[in-house]
Amino acid sequence: MTAPAKPEPNRTDFAARLVAWYDRHHRRLPWRVAPGERARGLRALPYRVWLSEIMLQQTTVAAVKPYYERFLRDWPDVESLAAAEREAVMKAWAGLGYYSRARNLKKCAEEVVARHDGVFPADVAALRALPGIGAYTSAAIAAIAFDIPVAVVDGNVERVVTRHAAIEAPVATVKKDIAAIVERWLPAERPGDFAQAMMDLGATICTPRAPACALCPVSADCAAFAAGEAERYPVKPAKVAKPVRTGAAFVAERADGAVLLRKRGETGLLAGMSEVPTSAWSARTNGADGIEAAPFAAGWRAAGEIRHVFTHFELRLAVYHARFDDDAPAGHWWSPRHLVHGEALPTVMKKAIETAIPGATKKPTVTGASL
DNA sequence: TAGACGTGGGT
DNA sequence: TACCCAAGTCT
């Protein structure tokens with residue numbers, strides 16, 4: 001990018017307006033750090049900031065809340081998480097998506113305990129070296145948990161900055177420039193609250209669509225606002241069509257209602273999660289993916305079809321259902337009906353099971369006959 | 001560096 | 001319905 005035509009606001013000016021706004025309008029969130037907490041150096045604080053930051057990667061606040069509460073309840077500190085069964089962590093993460101986060105979460109907890117004496121390092125580079133912690137998350141933890149003055153740049157901040165400076169270049173090509181601008185705005189006082197203020201501004205005022213510029217504390221020197229085209233930024237590349245893959249899922253049900261499951265591999269899509277048996281997911285939109293792909297002979301009958309959209313492709317699955325009363329084949333297990341809801345099942349697999357056996361993935365009630 | 005990697009909610 | 005997108009990381 002080129003230098004803005006107008007002089008940038010000095011750091012005191014921009015940060016003062018923003019933090020003053022934050023003091024009045026900040027969001028109340030379960031993991032939010034109150035200034036008093038940080039001042040007291042609460043030992044559990046870095047753990048809570050880290051946990052919430054990992055969960056919030058590419059994930060909405062509303063989706064994260066129940067997961068965050070449950071994790072904090074089951075594993076209140078980094079030692080308990082490091083000592084947890086990996087399978088229990090995967091089960092607790094099921095439904096949140098991007099499952100490599102859960103695997104790295106566990107690995108990171110183990111490393112903090114083994115290599116850092118159970119204490120998160122108050123250092124950007126050391127944080128960055130931990131599994132699952134990248135450029136954004138290392139800076140966010142440093143700023144929010146330790147009040148270290150560092151530029152924290154997430155999608156919200158990119159939007160605020162590209163609008164404020166009217167940056168025309170695609171955002172992917174100007175990451176360094178954006179960080180440099182944030183550095184210049186960074187205040188010496190309350191850098192952690194400044195970081196959270198930037199993100200809150202992006203989330204509540206400087207929104208992707210229909211930004212509330214009339215309420216913005218830094219609109220006075222915003223180039224995009226001055227030009228009346230805030231919504232045009234950040235400039236993004238054209239989208240590409242998602243390919244379609246097809247396959248079949250086989251839901252085997254035992255007489256007592258148990259469901260046959262197996263484990264997915266350790267790498268790739270949905271790695272380390274559980275599933276019902278499925279065919280390979282081909283790129284064809286029609287053809288051989290059908291009942292002939294069944295993993296074993298049984299009275300398979302068509303139960304319906306599901307469509308599930310992943311980040312980079314769309315999946316259409318024909319769902320088959322059968323009664324099957326033998327022992328579980330090698331590598332499979334029978335999950336008792338009342339435990340299915342707690343299995344490490346990704347959403348796409350819960351959809352498949354629900355299509356064959358409505359209600360099977362719901363948590364049973366105490367009055368349920370299945371108990 | 002570009003592609004892989006999930007999901008649910010809003011419009 | 002279809003599309004957009006939400007506090008990114010890893011390879």
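The figures here come from the full heavy-atom set of this structure, side chains too, leaving out hydrogens, waters and symmetry mates. Labels below follow one simple rule: chain letters A, B, ... track the order of the sequence lines, proteins then strands, and each chain is numbered from 1.
For A/Asp154 and C/dC5, the CG to P distance is 15 Å, given to the nearest whole Å. Rounded to an integer number of Å, the gap from A/Tyr67 OH to C/dA6 C1' is 15 Å. A straight line from NZ of A/Lys65 to C1' of B/dT7 spans 18 Å, rounded to a whole angstrom. Following rounding to the nearest Å, A/Met273 (CE) and B/dC5 (P) show an atom-to-atom distance of 15 Å. Spacing between atom CD of A/Gln57 and atom P of B/dT7 amounts to 16 Å, rounded to whole angstrom units. Look at OH on A/Tyr136: it is 9 Å from C1' on C/dG8, rounded to the nearest Å. For A/Ile141 and C/dT9, the CD1 to C1' distance is 13 Å, given to the nearest whole Å. Separating the NZ atom of A/Lys175 from the C1' atom of C/dT9 is a distance of 11 Å, rounded to the nearest angstrom.
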Below 3.5 Å between N/O atoms, which protein atoms pair up with nucleotides 2-4 of chain C? Just atom names and distances, please.
from	atom 1	to	atom 2	distance (Å)
C/dC4	OP1	A/Lys239	NZ	2.8

Below 3.5 Å is the cut-off: list the nitrogen or oxygen pairs between protein and nucleotides 1-4 of chain B, distance only.
none

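With sequence neighbours left out, A/Phe194 forms a ring-ring contact (aromatic ring centres under 6.0 Å, His included) with no residue at all. The side chain to side chain donor-acceptor pair (under 3.5 Å) search around A/Glu79 returns A/Arg43, not counting sequence neighbours. For A/His26, the ring-ring contact (aromatic ring centres under 6.0 Å, His included) criterion is met by A/Tyr22, not counting sequence neighbours. Applying the ring-ring contact (aromatic ring centres under 6.0 Å, His included) test to A/His308 and every residue at least two apart in sequence or in another chain returns A/Phe310. Residues satisfying the ring-ring contact (aromatic ring centres under 6.0 Å, His included) test with A/Trp334, not counting sequence neighbours, are none.
Near DNA chain B, meaning a heavy atom under 4.0 Å from it, residues 68-78 of chain A has no residue at all. Contacts with DNA chain C (heavy atom under 4.0 Å) in residues 344-356 of chain A: none are found. Taking a 4.0 Å limit (strictly below) on heavy-atom distances, residues 84-103 of chain A does not reach DNA chain C anywhere.
Taking every side-chain heavy atom of A/Asn104 into account, C/dC10 is the closest of C/dC5, C/dC10, B/dG6.
Taking a cutoff of 4.0 Å between a charged side-chain nitrogen and a carboxylate oxygen, A/Arg103 and A/Glu87 do not qualify as a salt bridge. The pair A/Glu231-A/Arg159 fails the salt-bridge criterion, with no side-chain N (NZ, NE, NH1 or NH2) lying under 4.0 Å from an Asp/Glu carboxylate O.
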Which atom pairs, donor and acceptor, lie under 3.5 Å between side-chain atoms of residues 321-331 of chain A and protein residues at least two apart or in another chain?
from	atom 1	to	atom 2	distance (Å)
A/His321	ND1	A/Arg301	NH2	3.1
A/His321	NE2	A/Glu253	OE1	2.7
A/Arg323	NH2	A/Asp325	OD2	2.8
A/Asp325	OD1	A/Ala255	N	2.9

Pairs under 3.5 angstrom only: tabulate donor-acceptor contacts from the side chains of residues 204-217 of chain A to other protein residues two or more places apart or in another chain.
from	atom 1	to	atom 2	distance (Å)
A/Thr204	OG1	A/Asp200	O	2.8
A/Thr207	OG1	A/Arg209	O	2.9

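From A/Thr278, atom OG1 reaches atom CE of A/Met349 across 5.5 Å, with rounding to the nearest 0.5 Å.
Across all strands shown, A/Val309 has heavy atoms under 4.0 Å from base atoms, whether or not it also approaches the sugar-phosphate. Residue contacts shown for A/Ser52 are absent, as no nucleic acid heavy atom lies under 4.0 Å away. Base engagement by A/Trp31 is indicated by at least one non-hydrogen atom pair under 4.0 Å involving a base atom. Among the atoms of the strands shown, none is found under 4.0 Å from any heavy atom of A/Ala172.
Side-chain contact between A/Leu317 and A/Trp281 is present, with at least one heavy-atom pair separated by less than 4.5 Å.
When the side-chain nitrogen and oxygen atoms of A/His308 are compared with OP1 and OP2 of B/dG6, none of them lie within a distance under 4.0 Å. OP1 or OP2 of C/dG8 has at least one side-chain nitrogen or oxygen of A/Gln58 nearer than 4.0 Å.
In the model, A/Glu343 has no side-chain atom that pairs as donor or acceptor with a side-chain atom of A/Ser274 under 3.5 Å. A/Tyr136 and A/Gln57 share no donor-acceptor pair across their side chains, judged by distance under 3.5 Å alone. The closest side-chain donor-acceptor pair between A/Gln196 and A/Arg27, if any, does not fall under 3.5 angstrom.
Between A/Ile144 and A/Arg128, the one whose closest nucleotide on DNA chain C sits nearer the 5' end is A/Ile144.
Comparing the P positions of C/dA6 and B/dC5 gives an interatomic distance of 23 Å, to the nearest angstrom. Rounded to whole Å, the P atom of B/dG6 lies 14 Å from the corresponding atom of C/dT11.
In plain terms, the two heavy atoms of A/Thr355 and A/Gly304 that are nearest each other are CG2-CA, 3.9 Å.
By the 6.0 Å and 45° rule, A/Arg245 stacks over the aromatic ring of A/Phe313. Within the cation-pi definition used here (under 6.0 Å to the ring centroid, within 45° of the axis), A/Arg128 does not qualify as a partner of A/Trp50.
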